Amino acid sequence: MTRSRRLAALALSGAAALSCAVLTAPAPAHAAPAVDTPVATVQLSSTLPTEIDYTWAGSSGFRYRLPENSGALQWADYPGVTPPAHAGPDDLSTGTDVLTTVSGATVTQRHRSTGVTATVTVPSGQTYRTASGWSVLTQDAAGAPHVLRAAADGTTTDLPVTGLPEGAQLTGTFVTGGSVRRLAVVYTRDGATDVGLVDLADGTFRTYLTGVGTSPRVVFNDRWLVDGTRAIRVDSAPGTAPSTITAPFFGEAQAVVGDQLLAANAMFLPGGTTPELTAVSLTDNTARTLLADSKGSYLATPDGGALATAGPSSVDWHVYRVAPAEDGTAATGKALDLPAWQAAPDGMTLAGGELLMYGNTTHTGGIYGFYGIPLDTAGRPTGLQSRRGPTLQGATCPGGDAACPQLEALGDGRVASLWTDTQGEEHVLAVGLDTTTVADAPTGDAGGRIGTGTGRYVLYNGGTPGSQRVTDVPRGATAGATALDRTRTAAAVWGQRLWTPGSTQGTVVAYDLKTKKNVATVDTGAPCAPSEIQAVNAWLYWSCGTAGPAGVYDRATNRAITVPAGQARLADGCLVRENRTTHELLLTDFHAGTATTRTVAVLPGADQNTGGSTGRWAVDRFGGNVAYLTDRRQVAIVTAGVPTSALAQMEAQTDPQPGGPTTANPWRPVWQLNKPSTWRLTLSNASGTVVRTLTGASTAAAVRPSWDARTDSGTFVPPGTYTWRLIAEPRDGQGAALALTGTTTAG
């Protein structure tokens, strides 16, 4: 397989969030520490829709089991449905809500919505075959069918079935579900297989379809009987030939509802066709989609309706009730929301109010994916899980790499990760803006680690001693480049700046990756050449090693703040670290100039990996919140408690679109901000008249509009220079709006 084909099968993920808060009083040594209550707990969900087994259905609801949920029986009532109030074997129509249990020769019938019960005793010499509503079908020793029903005096009435052709041999196929008035019976005679209906009211039998084959798929209701593409009205005169269904549909017949044949679960679909539940009119041979994205479990119900599963994804998957309308059509309504089955996350990260997770969601070995869940400013989900990258086939981690997968959320909707090809070379990959694109930057090295990264820039520390480089994956790129290749030191990327130790003790230097020169030197007061540097907004974190000391320097106020030492992750006004002995997840709030620490959570004692911030916990550098993995393999999220910095631009890509913009080649600027926003972009001509206004919400913390050179009315603008003005409002409501301006060209 070529490298490009292998990369087309990739996906990554990450999930984390940062939360900061005030100091709590230390607990006694013998007591468990006080921890935060999560605002939300979410899971990585299987991408395969949940299977459901229907064990009974009636006019009031249905009973089911979920095989993934230990198979326990559960009930679902139809919303807004009033079941029949009267119940008794003397009224067959009320049998649409009857549950039947069989014990030896005793058949117990219970009307679910009223509780009325009846008992049918199977006579000696007869064998129970099936039941429909208040009626029980048996066969005697000679094979002849009988209809049994409970009488008012407690006895059982026995109605022999009449009308079967001479020499007919029942095959044992008895079809129920579409009616409580009728029941389908398949029989053979003279080498042929035919099907007919028993009228359960009087026991009469009539053949409707002949030559149906040895495995007919019979569906019916009180109007129609269908097998394959042949359909016949139940009330047609004897001798009437069946009609042929000519409307195209894919899948097997599942039920007849009103005058509609429902078909689904095709074994093969033409290219570009998605699974659906199709309604085929038996009166005019037209077909329409009744439920899009429908497959899986179907059941014809005794009230002439059906149950069907459908939904756009496994996390938006439902049971629908299909009911007949007065005009013979079929109507649908949600009857039950089906929970998605849990998958195990192998990695997570968090950025700009997005929880990003990576793992196997298919229950198939070696198949991995990258998925995201949007969050509000408090960390609560605002949407469902969605796929955020292509499928990854095979492991991304070399054998024995306990810290893998390595994930770095870039704050622009993407996640960077390391992937090792079959030749052992590592690649820095970035995915997340869609389900197919992989941006790939080969490193020419192996055994390396991802450092920090934001937007287009990712720091890579190679396995070769002293090797360090910054990978550049700008907008629209599928092949990354090397922005800087240098000898390894402590380093951090924030926006378009690389922060590294200066030439004198305690200083840190900012190198601009675009202008290729040093642009700032900061004296942090560190008593060493830092062995670790992190940067977020105006905050610079430094450490002299695992034993410390460590500190944060506030470039906005020129304050030096002492913070606890240890493996930590910097965010906006907070530092999060894990005590590897007690497994406490500790949050240090330093935004006011003094460090105070509290326990966010106590993590599971068993590590997923070596305890890095992409396996057990993660922090959101782009706006706050903390996320961590629970002992149930779920992700818990804690709300931030520290004011965020003002909205600011970290990096921008606003150069004009070559050869554009056009509808096919629009101008797609990117403004990388430091936290999520809602935005408004205007474009004005040379006279100052606004010709186009675009609005939207950031992708994580990146503003990504698209302009096709059209005006608000849809006409193309004349060639020339246009002034753009971006107004971004912080989504968390903290701080002032950000205003930026510049020019671009059209034509």
Side-chain angles (χ1 to χ4, degrees), residues 272 352 354 374 386 388-390 410-414 430-440 454-457 472-481 483 495-496 513-515 647-731 737-747:
E354 292 185 314
S386 62
R388 293 288 295 280
L410 302 178
D412 64 351
R414 295 184 296 177
V431 302
L433 293 181
D434 56 43
T435 61
T436 60
T437 303
V438 178
D440 172 30
T454 58
R456 64 189 288 181
Y457 297 111
D472 182 12
V473 187
R475 63 175 180 182
T478 57
Q496 64 191 58
L513 294 164
K514 286 186 174 180
T515 62
L647 199 59
Q649 174 182 296
M650 301 164 57
E651 188 267 337
Q653 300 165 68
T654 61
D655 47 303
Q657 180 67 34
T662 63
T663 301
N665 191 30
W667 179 51
R668 289 194 173 102
V670 178
W671 289 274
Q672 181 63 58
L673 307 184
N674 62 334
K675 62 181 181 178
S677 67
T678 56
W679 53 265
R680 180 174 181 264
L681 177 68
T682 58
L683 293 117
S684 304
N685 59 23
S687 64
T689 301
V690 174
V691 297
R692 185 68 182 273
T693 299
L694 301 168
T695 60
S698 62
T699 303
V703 174
R704 293 179 174 274
S706 177
W707 183 45
D708 58 2
R710 294 180 185 269
T711 66
D712 287 328
S713 63
T715 60
F716 283 103
V717 299
T721 298
Y722 291 83
T723 299
W724 56 260
R725 180 173 173 79
L726 176 70
I727 303 295
E729 299 277 353
R731 193 177 69 148
L738 176 67
L740 302 169
T741 190
T743 61
T744 188
T745 60

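All values reported here derive from a predicted model rather than from experimental measurement.
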**Message:** Using a 3.5 Å distance criterion without hydrogens, assess whether the side chain of N665 forms a donor-acceptor pair with backbone atoms of P658.
**Reply:** yes

**Prompt:** How about W679 and L673: do any of their side-chain heavy atoms sit closer than 4.5 Å?
**Reply:** no

**Request:** State, yes or no, whether a side-chain contact exists between T682 and W724 at a heavy-atom distance under 4.5 Å.
**Result:** no

**Request:** State, with a plain yes or no, whether a side-chain heavy atom of K514 is found less than 4.5 Å away from one of Y457.
**Result:** yes

**Asked** Can you check whether D655's main-chain N or O pairs, donor with acceptor, with W667's side chain at less than 3.5 Å?
**Response** yes

**Prompt:** So, are D412 and R475 salt-bridged, with charged N and O less than 4.0 Å apart?
**Reply:** no

**Asked** Are side-chain heavy atoms of S677 and L738 found at a separation under 4.5 Å?
**Response** no

**Asked** Can you tell me if R692 uses its side chain to pair, donor with acceptor, with the backbone of R710 under 3.5 Å?
**Response** yes

**Request:** May I ask you to test the L726-V703 pair for a side-chain heavy-atom distance under 4.5 Å?
**Result:** yes

**Asked** Short question: side chain of N674, backbone of A648 - any donor-acceptor pair under 3.5 Å?
**Response** yes

**Asked** Given side chains that start at C-beta, do those of R414 and V473 come closer than 4.5 Å, heavy atoms only?
**Response** yes

**Asked** Under 4.5 Å between any side-chain heavy atoms of T454 and E651, yes or no?
**Response** no

